[in-house]
Amino acid sequence: MAEDDRTAILPAHIEGTVEAIARLHAEHRKRATTFQTLIEATTGRVGRPSFIGWLSVAVVGWVGLNLVLSWSGHAPFDEAPFAWLELVASLLALYVTVMILTTQRRDDQLASHRDQLTLELAILADRKSAKIIELLEELRRDMPSVRDRLDYEAVSMSSPADPQAVLDAIQDSHDDLSAGTG
């Protein structure tokens, strides 16, 4: 689908949101150092199923070459039980682990930014919803054709939630659950 076709289908406010998320990801990529980019590319290659195949071929080749050298009367470079292979595999495992942790740390930073954006948008949406309810209630009170009455739920919902109070309530409920299981 061409970009013009996609733009015509998406409303402007959705297009703006998509662009904001794309900018967040682009800025995250731009802040990466050359070394981080190299690590992420390497981790991406190591994480593919084909890497298992190449690794298996390398291990079988290593063992096979040593066995062939031994059987042909030549000195193998790594006799069974293949201590050098074990060392190489351990070093490879160490490097892969560190690369995965490094990549995961950067991914966690991006996820944290997305979580912050989601939280801020949710708080903003709550405030907007509360304002809409408040305006509707005011409109209802001002319309002579509508019977005036007190709607306690609408009154309650016309005030935005206090994020700190919600956080405190969540923490209290988690503390209560932890105390009950401890």
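Residue numbers count from 1 along this sequence. Heavy atoms only: backbone and side chains are in, while hydrogens, waters and symmetry mates are out.
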Rounded distance (nearest 0.5 Å) linking atom CG of L135 with atom CG of D142: 10.5 Å
Same cluster (ILVMFWY, side-chain, under 4.5 Å), M99 and L92: yes
Same cluster for F82 and L91 if Ile/Leu/Val/Met/Phe/Trp/Tyr side chains link at under 4.5 Å? yes
side-chain hydrogen bond (donor to acceptor under 3.5 Å, both in side chains), that's the test. Do Q171 and D175 meet it? Break it down for me. CA-CA 6 Å; Q171 288 174 337; D175 291 344; over 6 Å; no
I'd like to know whether CZ of F51 has more than 12 heavy-atom contacts from other residues, nucleotides or ligands below 6.0 angstrom. yes
Between L136 and M143, is there shared hydrophobic-cluster membership here, with clusters defined by ILVMFWY side-chain heavy atoms closer than 4.5 Å? no
For side chain to side chain contact (heavy atoms under 4.5 Å, CB included), just list the numbers for Q164 and L167, CA-CA rounded to whole Å, side-chain angles, deciding distance to a tenth of an Å, and then say yes or no. CA-CA 5 Å; Q164 186 61 49; L167 178 61; 4.0 Å; yes
With sequence neighbours excluded, residues passing salt bridge (charged side-chain N to carboxylate O under 4.0 Å, His left out) with E86: none
Only pairs at least two apart or in different chains count here, so list each side chain to side chain donor-acceptor pair (under 3.5 Å) that has a residue in residues 38-50. E40-R106, T43-T103
Let me check something: do I100 and L55 share a hydrophobic cluster, defined by ILVMFWY side-chain heavy atoms less than 4.5 Å apart, either directly or through other members? yes
Is H25 close to R114 at the side-chain level, that is, under 4.5 Å between some pair of heavy atoms? yes
Across all chains, not counting sequence neighbours, the salt bridge (charged side-chain N to carboxylate O under 4.0 Å, His left out) partners of K128 are none
Any carboxylate oxygen within less than 4.0 angstrom of a Lys/Arg side-chain nitrogen, looking at E138 and R141? no
First locate atom CD1 of I39, then atom CD of Q36, and finally report the distance between them rounded to the nearest 0.5 Å. 7.0 Å
Connected via hydrophobic side-chain network under 4.5 Å: I123 and L24: no
Under 3.5 Å: donor-acceptor pair, side chain of S156, backbone of Y152: no
Minimum heavy-atom separation for S173 to I170, with atom names? OG-O, 2.8 Å
If the condition is side chain to side chain donor-acceptor pair (under 3.5 Å), which residues does D126 pass it with, not counting sequence neighbours? none
Give the minimum heavy-atom separation between A75 and L69, together with the two atoms involved. O-CD1, 4.2 Å
State whether the number of non-hydrogen atoms from other residues, nucleotides or ligands found under 6.0 Å of F77 atom CZ is greater than 12. yes
So, using side-chain contact (heavy atoms from CB on, under 4.5 Å) as the criterion, who are the partners of I52 when residues are at least two apart? S56
Of all residues at least two apart in sequence or in a different chain, which pass the side chain to side chain donor-acceptor pair (under 3.5 Å) check with N66? none
Give the minimum heavy-atom separation between R31 and H113, together with the two atoms involved. NH2-CE1, 3.8 Å
Enter the distance from L65:CG to H74:NE2 here, rounded to the nearest 0.5 Å. 11.0 Å
More than 12 foreign heavy atoms under 6.0 Å from CD of Q109: is that the case here? yes
In terms of heavy-atom contacts, A130 and S159 come closest through CB-C, 3.7 Å
